[in-house]
Q: 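First the structure, which I've put down as structure tokens, then a few questions once you've had a look.
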Amino acid sequence: MATRQTGAKKIRVLPGFKLTLGYTLLYLSLIVLIPLAAAFVKTSTLSWTQFSHDVFSPQAMASYRLSFGASLLAALVNAVFGLIVAWVLVRYNFFGKKIVDALVDLPFALPTAVAGITLATIYAENGWIGRFFSSSGDWHLYFHLPAIKISFTRLGVFVALTFIGLPFIVRTVQPVLEDFDSEIEEAAASLGANRWQAFWRIIFPTVTPALLTGFALAFARALGEYGSVVFISSNIPMKTQITPLLIMTKLEEFDYAGATALAVVMLVISFVLLLAVNLLQWWASRYNTSNLS
Amino acid sequence: MVGEPLQHEQFIMTSAATTLPIRSRFVHHRSTNEPPLVRRLLIAVALTFIALFLVIPLVSVFAQAFAKGLHFYFQSIRDPLALSAVKLTLIAAGISVPLNCIFGICAAWAIAKFDFRGKNILLTLVDLPFSVSPVISGLIYVLIFGAQGWFGSWFSDNMKIIFAVPGIVLATIFVTFPFIARELIPLMQAQGRTEEEAARVLGASGWQTFRRVTLPNIKWGLLYGVILCNARAMGEFGAVSVVSGHIRGQTNTIPLHVEILYNEYNFTGAFAVASLLTFLALITLALKTWVEYRNTELSGTAFAPLPVGKKAG
């Protein structure tokens with residue numbers, strides 16, 4: 001590699017560099033870059049008052065609050081339970097482990113519309129899970145608990161976003177736990193650390209960069225999610241309307257300028273998140289090589 | 001925490017230990033394992049979480065689909081509108097998967113086998129569609145090809161794109177754009193270019209080198225990418241929903257057909273058609289697990305589980 005970069009740089013043994021790179025750039029531009037640029041160009045034709053009217057309207061602000069709040073909460077819950085799932089899958093043996101491991105990817109493989117109608121149905125008041133939280137549920141009669149409605153509320157939005165985000169945490173944390181050296185733990189134990197100390201002071205710091213990456217990925221995915229949320233949310237403006245749905249509503253009203261203004265705000269946020277994920281992965285790789293290998 | 005002098009010893013011990021399966025290294029040592037009670041509790045918490053969010057939804061799809069019996073189930077699936085939705089979904093996936101496959105191979109060849117400036121920027125740009133909301137993925141094509149769009153007037157005279165089949169295909173290509181490329185790039189980077197260079201020196205043509213040397217090396221990674229790309233192409237809802245005209249029998253894909261049935265309160269019909277997509281998801285997971293297994297058997301390297309991925313470069 002070193003000689004190639006310095007001495008023999010001009011001589012390329014392998015053919016097809018210009019062809020493949022040219023095709024890559026052409027295809028990338030036609031499918032991704034030019035269409036995305038269209039959104040920014042369209043927004044630049046708006047006046048500032050028009051833009052701020054669309055972007056800071058009370059309805060838009062309420063949708064940001066819901067989208068950000070529910071995505072953050074879902075990513076947090078996934079960070080906790082995803083870490084436990086990854087831990088259990090790497091460290092313990094139990095019946096059906098292989099199936100559980102394969103099933104973790106279900107939210108990637110299951111189309112979002114199917115996830116949406118399914119979650120809406122089982123978390124509805126008469127659904128398989130929702131009935132335990134509704135006022136007619138047995139638990140509520142015995143323990144006088146307040147009834148909780150899940151489907152068609154903000155809680156439903158949170159449930160859908162949790163479903164969507166689960167694999168991100170598990171699949172980023174799992175390889176780090178698998179690569180973890182048991183010798184380090186043994187060293188900690190022989191130096192007198194108890195199990196909790198070994199986890200908290202040794203294992204957890206090693207997993208942290210991966211956990212943060214997974215968290216950021218789950219959060220970013222949840223922000224843009226549409227298919228699974230529209231079915232489980234009642235989609236009432238100011239209450240249960242997420243930002244992607246607000247964009248959809250504006251499109252259906254043929255308010256292309258308003259929809260594009262909101263889209264640009266979302267795009268900028270996702271690009272910032274993408275940058276954050278890249279920085280986290282860079283940090284994680286540095287962390288791993290300096291500490292583990 | 002680990003002192004500097006330990007590093008070397010530790011390295012030797014690690015390389016010896018890696019020949020053992022990971023599991024046996026943890027299970028038998030008391031010092032590196034939790035008390036049984038904690039272990040069982042953690043397993044219980046993990047399984048409850050998986051059951052609530054994954055298993056119960058999965059089972060309920062089929063329970064709902066067969067709620068009115070087998071006859072109604074097959075009637076819902078054999079409905080002409082459902083069949084036309086299946087056909088359109090197959091067309092969209094049939095065009096977008098091969099196109100993204102060609103792109104993925106080209107991008108991976110250029111990025112993995114050659115050095116050039118701006119490689120990292122190119123890698124980030126390839127990943128871009130993953131971070132774009134599906135609704136926005138559809139919207140950008142409406143802005144270009146819609147009635148008020150850049151090329152809208154030209155295309156509305158000659159060929160309809162938005163609210164028609166080409167728009168659906170374009171949106172599907174966009175959302176599945178990175179899938180195959182991001183599997184192949186890290187794989188081909190890890191394999192290096194010495195084998196291809198040897199083939200060239202021994203007199204193979206460029207095409208022969210690719211077909212006889214590169215392709216056998218990347219076939220499992222390629223298959224893995226195609227499986228995931230196909231699952232997303234057939235299941236995409238948000239982006240396709242924006243560009244589809246929602247005309248029954250003409251511009252409805254399977255997920256859009258599910259939505260229409262559900263919104264008409266034909267729940268059993270919606271779940272019957274949704275069960276087709278659920279079968280697809282289960283087949284995808286099974287194939288994916290099988291390819292992962294085959295690949296680790298053969299080479300010991302792991303794939304990037306999507307869309308998390310190990311960043312190449």
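Just so we're on the same page: letters track the sequence lines, and every chain starts at 1.
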Q: Restricting to side chain to side chain donor-acceptor pair (under 3.5 Å), what partner residues turn up for A:Ser228, sequence neighbours left out?
A: A:Glu225

Q: Tell me, out of B:Gly235, B:Ala108, B:Pro129, B:Ala270, who's got the most heavy-atom pairs with chain A below 4.5 Å.
A: B:Gly235

Q: Would you say the ring centroid of B:Phe53 lies under 6.0 angstrom from that of A:Phe81?
A: no

Q: For B:Val142, is it the side chain, the backbone, both, or neither that has a heavy atom closer than 4.5 Å to a heavy atom of chain A?
A: side chain

Q: Go through the atoms of B:Val59 and report whether side chain, backbone, both or neither lie under 4.5 Å from a heavy atom of chain A.
A: both

Q: Using heavy-atom distances under 4.5 Å, tell me whether A:Val277 contacts chain B through its side chain, its backbone, both, or neither.
A: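 When you check distances to chain B, no heavy atom of A:Val277 falls under 4.5 Å.
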
Q: With chain B, which of A:Trp87, A:Trp196, A:Tyr123, A:Trp128 has the greatest number of heavy-atom pairs at distances under 4.5 Å?
A: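 Winner by heavy-atom pair count: A:Trp128.
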
Q: With side chain to side chain contact (heavy atoms under 4.5 Å, CB included) as the test, would you mind laying out the steps for A:Thr162 and B:Phe49 before giving the verdict?
A: CA-CA 11 Å; A:Thr162 309; B:Phe49 190 70; 4.1 Å; yes

Q: With sequence neighbours excluded, what pairs up with B:Glu259 under the side chain to side chain donor-acceptor pair (under 3.5 Å) test?
A: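 Listed in chain order: nothing, the list is empty.
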
Q: Run A:Tyr27 and B:Asn100 through side chain to side chain contact (heavy atoms under 4.5 Å, CB included) and show every step you take.
A: CA-CA 9 Å; A:Tyr27 191 73; B:Asn100 284 336; 2.8 Å; yes

Q: Look at A:Ile247, A:Val32, A:Val77, A:Thr243 and state which one has the largest set of heavy-atom pairs under 4.5 Å with chain B.
A: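 The candidate making the most pairs under 4.5 Å is A:Val32.
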
Q: When heavy-atom pairs shorter than 4.5 Å are enumerated against chain A, which of B:Thr284, B:Ile50, B:Val258 gives the highest number?
A: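 Looking at each of B:Thr284, B:Ile50, B:Val258 in turn, B:Ile50 comes out on top.
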
Q: Give, as side chain, backbone, both or neither, the part of B:Leu170 having an atom under 4.5 angstrom from any heavy atom of chain A.
A: side chain

Q: Heavy-atom pairs under 4.5 Å with chain A - which of B:Ala110, B:Ser275, B:Gly138, B:Gly206 has more of them than the others?
A: B:Ala110

Q: Any chance CZ of B:Phe116 has more than 12 other-residue heavy atoms, nucleotides or ligands included, within less than 6.0 Å?
A: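 Yes, enclosed.
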
Q: Hey, can you tell me if A:Phe231 and B:Tyr262 have their rings parallel, tilted or perpendicular (30° and 60° cut-offs)?
A: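 It falls in the perpendicular class, over 60°.
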
Q: Please check if atom CZ in A:Phe254 has more than 12 non-hydrogen atoms from other residues, nucleotides or ligands closer than 6.0 Å.
A: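 12 or below, so no.
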
Q: Hey, could you give me the SG/CG distance between B:Cys106 and A:Leu21, rounded to the nearest 0.5 Å?
A: 10.0 Å

Q: Which distance, rounded to the nearest 0.5 Å, do you find between the CG of B:Asp115 and the CZ of A:Phe17?
A: 8.5 Å

Q: Heavy atoms, side chains only, cut-off 4.5 Å: are B:Pro57 and A:Leu119 in contact?
A: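 Yes, at least one pair of side-chain atoms sits under 4.5 Å.
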
Q: Checking heavy atoms, do the side chain of A:Ile129, its backbone, both or neither come under 4.5 Å from chain B?
A: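 Just the side chain, heavy atoms under 4.5 Å.
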
Q: What are the two closest heavy atoms between B:Tyr141 and A:Pro35, and how far apart are they?
A: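 Shortest heavy-atom contact: CE2-CG, 3.8 Å.
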
Q: Can you say whether B:Leu122 sits under 4.5 Å from chain A via the side chain, the backbone, both, or neither, judging by heavy atoms?
A: side chain

Q: With only heavy atoms counted, which part of B:Leu99 is less than 4.5 Å from chain A, the side chain, the backbone, both or neither?
A: both

Q: Please determine whether side chain to side chain contact (heavy atoms under 4.5 Å, CB included) holds for the pair B:Glu34 and A:Tyr92, giving the CA-CA distance in whole Å, both sets of side-chain angles, and the decisive distance to 0.1 Å.
A: CA-CA 10 Å; B:Glu34 288 73 48; A:Tyr92 304 148; 2.5 Å; yes

Q: Do A:Leu103 and B:Leu58 have side chains that approach each other closer than 4.5 Å (heavy atoms only, starting at C-beta)?
A: yes

Q: Work out which heavy atom in B:Phe114 is nearest to a heavy atom in A:Pro15; give both atom names and the distance.
A: CZ-O, 3.6 Å

Q: Can you tell me how far the CG atom of B:Leu42 sits from the CZ atom of A:Arg91, to the nearest 0.5 Å?
A: 11.5 Å

Q: Among B:Asn263, B:Ile227, B:Ile102, B:Val135, who wins on heavy-atom pairs under 4.5 Å with chain A?
A: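 Highest number of pairs under 4.5 Å: B:Val135.
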
Q: Can you confirm whether A:Leu33 is buried at CG, in the sense that more than 12 heavy atoms of other residues, nucleotides or ligands lie under 6.0 Å from that atom?
A: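 Enclosed: over 12 neighbouring heavy atoms sit under 6.0 Å from CG of A:Leu33.
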
Q: Does any backbone or side-chain atom of B:Val242 lie under 4.5 Å from a heavy atom of chain A? Answer side chain, backbone, both or neither.
A: both

Q: Who among A:Ile117, A:Ile84, A:Val114, A:Leu110 has the most heavy-atom pairs with chain B under 4.5 Å?
A: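 Option with the top pair count is A:Ile117.
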
Q: Identify which of A:Val264, A:Asp101, A:Leu166 forms the greatest number of heavy-atom pairs closer than 4.5 Å to chain B.
A: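 Looking at each of A:Val264, A:Asp101, A:Leu166 in turn, A:Leu166 comes out on top.
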
Q: Would the number of heavy atoms belonging to other residues, nucleotides or ligands and lying under 6.0 Å from CZ of A:Phe94 be above 12?
A: yes

Q: Which atoms form the tightest heavy-atom contact between B:Pro134 and A:Gly224, and what is the distance?
A: CD-O, 3.3 Å

Q: Can B:Trp109 and A:Leu19 be said to form a side chain to side chain contact (heavy atoms under 4.5 Å, CB included), step by step?
A: CA-CA 10 Å; B:Trp109 184 266; A:Leu19 178 75; over 6 Å; no

Q: Could you grab the distance from atom OG of B:Ser131 to atom CG of A:Leu223, nearest 0.5 Å is fine?
A: 11.0 Å

Q: Between CD1 of B:Ile173 and CD1 of A:Ile31, what distance do you get to the nearest 0.5 Å?
A: 5.0 Å

Q: With the side chain counted from C-beta on, respond yes when A:Leu274 and B:Leu128 share a heavy-atom pair under 4.5 Å apart, and no when they do not.
A: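 Side-chain contact under 4.5 Å: yes.
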
Q: Heavy-atom cut-off 4.5 Å, strictly under: side chain, backbone, both or neither for B:Ile136 against chain A?
A: side chain

Q: Looking at A:Ala37, A:Ala218, A:Ala38, which one has more heavy-atom pairs under 4.5 Å with chain B than the rest?
A: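 Max contact count across the listed options: A:Ala38.
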
Q: Tell me, side chain or backbone of B:Phe174 under 4.5 Å from chain A's heavy atoms, or both, or neither?
A: both

Q: Looking at every non-hydrogen atom in both residues, tell me the closest pair between A:Val104 and B:Leu54 and how far apart they are.
A: CA-CD1, 4.0 Å

Q: Is the gap between the ring centers of B:Phe103 and A:Tyr23 under 6.0 Å?
A: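 No; A:Tyr23 has its ring centre 6.0 Å or more from that of B:Phe103.
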
Q: Is B:Leu143 close to chain A through its backbone or its side chain, or both, or neither, when contacts mean heavy atoms under 4.5 Å?
A: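 Side chain of B:Leu143 only, per the 4.5 Å heavy-atom cut-off to chain A.
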
Q: Using a cut-off of under 4.5 Å for heavy-atom pairs, which of A:Glu252, A:Met248, A:Lys18 has the most such pairs with chain B?
A: A:Met248

Q: Measuring heavy-atom distances to chain A, does B:Thr194 have an atom under 4.5 Å in its side chain, in its backbone, in both, or in neither?
A: neither

Q: What are the two closest non-hydrogen atoms of B:Glu197 and A:Leu14, and how far apart are they?
A: N-CD2, 3.8 Å

Q: Side chain, backbone, both or neither: which part of B:Asn230 has an atom under 4.5 Å from a heavy atom of chain A?
A: neither

Q: Using non-hydrogen atoms only, which part of B:Glu236 is less than 4.5 Å away from chain A: side chain, backbone, both, or neither?
A: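 Neither the backbone nor the side chain of B:Glu236 comes within 4.5 Å of chain A.
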
Q: What closest approach, in Å, do A:Ala109 and B:Ala281 show between heavy atoms, and which atom pair accounts for it?
A: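 Distance-wise, the nearest heavy atoms are O-CB, 3.5 Å.
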
Q: To the nearest 0.5 Å, tell me how far B:Thr289 OG1 sits from A:Asp105 CG.
A: 7.5 Å

Q: Can you tell me which portion of A:Ala259 sits under 4.5 Å from chain B's heavy atoms? Options are side chain, backbone, both or neither.
A: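 A:Ala259 touches chain B through backbone and side-chain heavy atoms alike.
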
